[in-house]
Amino acid sequence: MEIIELSNYNETRFNTAIALGNFDGIHIGHQELIKTMISKSKELGIKSSLLLFKSHTKAIIDNSKPKMITNNQQKFKIAKDLGVDIIYILDFDDKIMKLSGEDFIKNIIINKMNGKLLVVGFDYRFGYKASGDSKYLMKLGKDYDIDVIVLDPVYKDKDIISSSNIRSLIADGNISLCLKMLGRPYSIIGRVIPGKNRGNKLGFPTANIEPIDNYVIPKNGVYMTNTIIDGKKYVSATNIGYNPTFNEDILKIETYILDFNGDVYGNTLEIEFLDFLRNDIKFQNKEALIEQMKIDIEMIKLRQ
């Protein structure tokens, strides 16, 4: 799979099929959209591609800092696994933001990407102030000889699958339904930073994780997780909270990796959330905390 910066590039080698959207999470609805695009591109004999912006469009439109489900590094891996040929990367800056819907199609899709097929979701919006919808896109497709496919919403357990719904599920700790909607575990990539070494003293050495991006953080509690180190998965228990037993006031993400004795300080890890075990509890003393941690670990071992 190629990754191409579009700012100073025009695609002249071949025609492309393009899936459009923010694709935060690349949930199973997004995956169906991308698979449809890939399948149709093969029928037409053209290259399959995604257009991804370097940052979320809302960060430019309303100067906000939207919580993300996947960063671009994760999106690249998922897209590659799905079989996408090319990812085109573009800065969503003030100039791009102010393009009309028609100018977006002419200047970006046609002139820079040589697009011949567009696949979007039912709620896709584009152009200045999101003035264009899927119906308008289909009209522009006819005007500029571009095939347009609009996919219907995808549901899971009667709930519509959307990035906003998934963010809420993560924030509520509903990891099991989140996993179904994503089609894989929700994960956070982070660096291992210095902690207070309290886990060592309790007999459960933990890695203190600092997320590398503005991820949605699951609600406070203890989770069954996988920790991925250098491409290898290890079963782990991850606590998110303020260490109420010790009256701390800084939110921490701490991971205890089962059957692992290596040094991970300074490394970048990925934490996959598999299930919610319990709420973050204030214990009367450290001995009660240690006993509960033993129970948590045994529960995780039983669920492996």
Side-chain angles (χ1 to χ4, degrees), residues 1 3 24-26 52 54-56 65 67-81 87 89 170-171 173 175 178-179 182-243 245-246 248-277 280 289-290 293-294 296-301 303-304:
M1 184 182 75
I3 300 173
D24 189 18
I26 311 193
L52 296 181
K54 289 184 179 179
S55 57
H56 200 289
K65 293 183 178 179
K67 296 285 186 179
M68 66 175 62
I69 302 168
T70 47
N71 66 8
N72 277 343
Q73 176 184 340
Q74 292 164 305
K75 290 178 185 179
F76 296 162
K77 182 181 184 304
I78 297 166
K80 182 178 180 180
D81 290 343
I87 291 181
I89 299 292
I170 296 167
I175 298 302
C178 173
L179 190 152
L182 284 175
R184 65 182 188 284
Y186 173 61
S187 67
I188 289 174
I189 298 175
R191 289 179 290 268
V192 181
I193 60 173
K196 293 189 175 181
N197 292 318
R198 188 172 282 129
N200 283 315
K201 297 173 184 176
L202 297 175
F204 295 91
T206 59
N208 196 20
I209 309 300
E210 179 182 67
I212 65 171
D213 275 301
N214 192 32
Y215 288 105
V216 182
I217 304 300
K219 82 168 187 176
N220 294 357
V222 178
Y223 296 82
M224 177 178 178
T225 56
N226 284 327
T227 297
I228 304 173
I229 306 170
D230 295 328
K232 185 175 180 180
K233 287 187 180 183
Y234 299 86
V235 177
S236 53
T238 298
N239 182 79
I240 297 176
Y242 294 89
N243 287 335
T245 303
F246 300 100
E248 295 187 4
D249 58 1
I250 299 175
L251 183 68
K252 292 183 177 180
I253 303 173
E254 297 178 288
T255 295
Y256 170 66
I257 307 170
L258 280 65
D259 303 317
F260 181 81
N261 296 312
D263 181 9
V264 294
Y265 176 68
N267 286 15
T268 297
L269 311 178
E270 185 168 6
I271 309 297
E272 292 183 337
F273 291 84
L274 305 179
D275 202 3
F276 178 79
L277 296 182
D280 205 19
L289 172 58
I290 290 170
M293 291 172 72
K294 290 179 180 177
D296 295 339
I297 298 305
E298 287 305 313
M299 187 179 300
I300 287 172
K301 288 180 177 179
R303 295 187 185 187
Q304 284 183 250

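One-based numbering along the sequence shown.
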(request) Using atom types as modelled and distance alone, determine if a side-chain donor or acceptor of D275 lies under 3.5 Å from a backbone N or O of M224. (result) no
(request) Can you measure from NZ (K301) to CG (D296) and round to the nearest 0.5 angstrom? (result) 12.0 Å
(message) Let me confirm one number: the OG1-CD1 distance from T70 to I189, rounded to the nearest 0.5 Å.
(response) 9.5 Å
(request) Could you check T206, V235, I229 and say which one makes a side-chain contact (heavy atoms from CB on, under 4.5 Å) with I257? (result) I229
(message) With heavy-atom distances below 4.5 Å as the criterion, would you say the side chains of F76 and I3 are in contact?
(response) yes
(request) Measure the NZ-NZ distance between K77 and K80 for me, rounded to the nearest 0.5 Å. (result) 9.0 Å
(request) State plainly whether the residues E272 and K233 are in salt-bridge range, i.e. N to O under 4.0 Å. (result) yes
(request) Would you name the heavy atoms of G173 and Y223 that are closest together and state the gap between them? (result) CA-OH, 3.8 Å
(request) Using atom types as modelled and distance alone, determine if a side-chain donor or acceptor of N267 lies under 3.5 Å from a backbone N or O of L269. (result) no
(request) Report the C-alpha distance between I89 and K54 in whole Å, list the side-chain angles of each, state the deciding distance to 0.1 Å, and finish with yes or no for side chain to side chain contact (heavy atoms under 4.5 Å, CB included). (result) CA-CA 6 Å; I89 299 292; K54 289 184 179 179; 3.4 Å; yes
(request) Indicate the atoms forming the closest heavy-atom contact of E254 with N208, along with that distance. (result) CG-OD1, 3.7 Å
(request) Taking all heavy atoms of C178 and all of I170, pick out the closest pair and write down the distance. (result) SG-CG1, 3.6 Å
(message) Quick check: closest heavy atoms across F273 and T238, and the distance to 0.1 Å?
(response) CE2-CG2, 4.2 Å
(request) Given side chain to side chain donor-acceptor pair (under 3.5 Å), test N239 with Y256 step by step and report yes or no. (result) CA-CA 8 Å; N239 182 79; Y256 170 66; over 6 Å; no
(request) Assess the side chains of T255 and T227: does a donor N or O sit below 3.5 Å from an acceptor N or O? (result) no
(request) Would you indicate whether the side-chain heavy atoms of D24 and K67 approach each other to under 4.5 Å? (result) no
(request) Measure across V192 and A207 and return the closest heavy-atom pair with its distance rounded to 0.1 Å. (result) CG1-CB, 4.0 Å
(request) Please step through side chain to side chain donor-acceptor pair (under 3.5 Å) for the pair D280 and N220, ending with a clear verdict. (result) CA-CA 6 Å; D280 205 19; N220 294 357; 5.0 Å; no
(request) Taking all non-hydrogen atoms of both residues into account, name the closest pair between P211 and I253 and its distance. (result) CG-CD1, 3.9 Å
(message) Just verifying a value: how many Å separate I188 CD1 and I271 CD1, rounded to the nearest 0.5 Å?
(response) 8.5 Å
(message) Distance check, rounded to the nearest 0.5 Å: S187 atom OG versus L274 atom CG?
(response) 10.5 Å
(request) Answer yes or no: is there a donor N or O on one side and an acceptor on the other, between the side chain of N71 and the main chain of Q73, under 3.5 Å? (result) yes
(request) Tell me whether the guanidinium CZ or amine NZ of K219 lies under 6.0 angstrom from the six-membered ring centre of F276 and within 45° of its axis. (result) yes
(message) Is it the case that the side chains of S236 and T225 hold a donor-acceptor pair, with the cut-off being a distance below 3.5 Å and no angle test?
(response) yes
(request) Give, for atom CE of M68 and atom CD of Q74, the distance between the pair rounded to the nearest 0.5 Å. (result) 9.0 Å
(request) Evaluate the side-chain proximity of R184 to L179: yes if any heavy-atom separation is below 4.5 Å, no if none is. (result) no
